[in-house]
Amino acid sequence: KPASKVPAFLHVVDIAGLVKGAHEGQGLGNAFLSHIKACDALFHVSRVFEDEDVTHVEGDVNPVRDLDIILEELRLKDEEYLQARFASLEKTVIRGGDKKGKPEYDDLMKIYKLLSEEKRHARFSEWNVREIETLNKHLLITAKPIIYLINMSEKDYIRKKNKWLVKIKEWVDKNDPGASIIPFSGEYEMKLLDMPDDERAAYVEKSKVPSALGKIITTGYKALNLEYFFTCGKDEVKAWTITKGSKASEERF
């Protein structure tokens, strides 16, 4: 029973949903896309419940359509960004003869062709070490791993049924193979959050379904290639977050 306990944590930023045309500035698209660019991975929340009090920008609930719209907006934003970068690099590399900038230019051209011609996200291709360094430098949105969170009504979450679950699984298998899909209920999680510990435990026991937050957090860690270890003493137990496979000498604590 140490005097202090310091847990590991996953920093999650809530970014409002995008709309069709966001890459061109529709809604608050450009601001939201800039926020996404600063993140290391994405939790993509898809709503599958009906609620008259919760309107949908497209007029009805269709998560498969929403997935198509959002991923296309992310692709188009990266395509737009690379077009702007080429305008700058062409001045120095092509017309200015900058040999040092030529490898980066070639890498970006290869990435651009994947996005614009093949209509694929950057994470769906194999890259060499230099190309990965280029991707990391430019923080392309489509290079970031995505975890799909399926937001269900409490009733559907408890009974583990919803007409969209199979359709979403089919979409992810086709468009983002290997990506994690986690059903959860925001309604259920909020109820648990507002309850005292004993009441929460009783409600979970009665519902026969656990909170999904633990799974969401650990899956986020895995997507970022992170793990943690503990240091223990009578004064403090602390969880430290590190990159998987890294050595102590490579980490800063």
Side-chain angles (χ1 to χ4, degrees), residues 10-18 20-25 29-46 66-90 93 101-149 168 171-182 216-227 241-246 250:
L10 185 70
H11 184 61
V12 179
V13 179
D14 183 16
I15 299 170
L18 300 175
K20 194 170 185 178
H23 74 286
E24 297 175 328
N30 279 324
F32 292 154
L33 285 164
S34 296
H35 295 158
I36 293 172
K37 200 175 179 72
C39 297
D40 296 314
L42 307 178
F43 284 123
H44 184 140
V45 182
S46 290
D66 297 343
L67 287 165
D68 280 330
I69 289 174
I70 299 303
L71 265 70
E72 178 65 359
E73 289 299 322
L74 300 183
R75 185 191 69 79
L76 289 169
K77 187 61 180 179
D78 275 355
E79 186 178 322
E80 178 189 80
Y81 168 80
L82 289 176
Q83 288 172 346
R85 287 299 302 147
F86 284 135
S88 174
L89 286 171
E90 282 176 357
V93 175
K102 186 65 164 58
E104 180 182 1
Y105 178 87
D106 291 340
D107 293 344
L108 291 178
M109 180 58 72
K110 181 177 177 180
I111 297 165
Y112 181 75
K113 287 181 179 179
L114 179 78
L115 289 166
S116 64
E117 295 178 12
E118 298 182 37
K119 309 296 183 185
R120 295 171 62 206
H121 283 210
R123 68 184 178 283
F124 298 143
S125 187
E126 295 292 328
W127 307 104
N128 62 35
V129 174
R130 191 191 74 190
E131 291 164 346
I132 290 172
E133 289 177 354
T134 300
L135 283 166
N136 289 339
K137 176 182 177 181
H138 291 277
L139 301 175
L140 294 180
I141 300 172
T142 59
K144 304 177 190 299
I146 298 179
I147 299 162
Y148 297 89
L149 306 182
I168 291 173
W171 185 95
V172 171
D173 287 345
K174 178 182 177 182
N175 296 279
D176 199 348
S180 296
I181 304 171
I182 304 176
I216 290 171
I217 292 169
T218 54
T219 305
Y221 256 71
K222 290 177 183 177
L224 295 172
N225 200 34
L226 299 175
E227 60 184 356
T241 300
I242 59 172
T243 304
K244 271 187 181 179
S246 62
E250 298 170 343

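Bear in mind that the values here come from a model prediction, so they are computed numbers and not experimental data.
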So how far is it from [X] [atom1] to [Y] [atom2], rounded to the nearest 0.5 Å?
{"X": "Ile181", "Y": "Leu149", "atom1": "CD1", "atom2": "CG", "value": "10.5 Å"}
{"X": "Leu114", "Y": "Lys119", "atom1": "CG", "atom2": "NZ", "value": "11.0 Å"}
{"X": "Leu76", "Y": "Ser116", "atom1": "CG", "atom2": "OG", "value": "10.5 Å"}
{"X": "Leu140", "Y": "Leu82", "atom1": "CG", "atom2": "CG", "value": "5.5 Å"}
{"X": "Asp40", "Y": "Asn136", "atom1": "CG", "atom2": "CG", "value": "9.5 Å"}
{"X": "Leu135", "Y": "Leu108", "atom1": "CG", "atom2": "CG", "value": "8.0 Å"}

Please walk me through it: do Val12 and Ile216 pass side chain to side chain contact (heavy atoms under 4.5 Å, CB included)? CA-CA 11 Å; Val12 179; Ile216 290 171; over 6 Å; no

Over all heavy atoms of both residues, which pair between [X] and [Y] is shortest? Give the atoms and the distance, please.
{"X": "Leu226", "Y": "Lys244", "answer": "O-CE, 3.9 Å"}
{"X": "Arg120", "Y": "Leu115", "answer": "O-CD2, 3.2 Å"}
{"X": "Ile146", "Y": "Ala179", "answer": "O-CB, 3.8 Å"}
{"X": "Ala223", "Y": "Pro145", "answer": "O-CG, 3.6 Å"}

Quickly, which of Lys37, Glu104, Glu133 forms a side chain to side chain donor-acceptor pair (under 3.5 Å) with His138? Name it, please.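 One option only clears the test, and that one is Glu104.
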
State, yes or no, whether a side-chain contact exists between [X] and [Y] at a heavy-atom distance under 4.5 Å.
{"X": "Met109", "Y": "Lys113", "answer": "yes"}
{"X": "Glu79", "Y": "Gln83", "answer": "yes"}
{"X": "Ile242", "Y": "Glu227", "answer": "yes"}
{"X": "Leu10", "Y": "Leu224", "answer": "yes"}
{"X": "Thr219", "Y": "Phe43", "answer": "no"}
{"X": "Leu67", "Y": "Tyr148", "answer": "yes"}
{"X": "Ile111", "Y": "Glu131", "answer": "no"}

Cationic N near anionic O, under 4.0 Å, Asp106 to Lys110: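 Salt bridge absent between Asp106 and Lys110.
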
Any ion pair linking Glu72 and Arg75 (charged N to carboxylate O, less than 4.0 Å)?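 Salt bridge present between Arg75 and Glu72.
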
Taking only residues two or more places apart in sequence or in another chain, which ones pass side chain to side chain donor-acceptor pair (under 3.5 Å) with Trp127?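 Counting only residues at least two positions away or on another chain, Trp127 forms no side chain to side chain donor-acceptor pair (under 3.5 Å).
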
Give a yes or no on whether the backbone of [Y] and the side-chain of [X] come within a donor-acceptor separation of less than 3.5 Å.
{"X": "Asn225", "Y": "Thr243", "value": "no"}
{"X": "Asp78", "Y": "Thr142", "value": "yes"}
{"X": "Thr134", "Y": "Arg130", "value": "yes"}

Take His121 and Asp176 through the test side chain to side chain contact (heavy atoms under 4.5 Å, CB included) and record every step on the way to the result. CA-CA 9 Å; His121 283 210; Asp176 199 348; over 6 Å; no

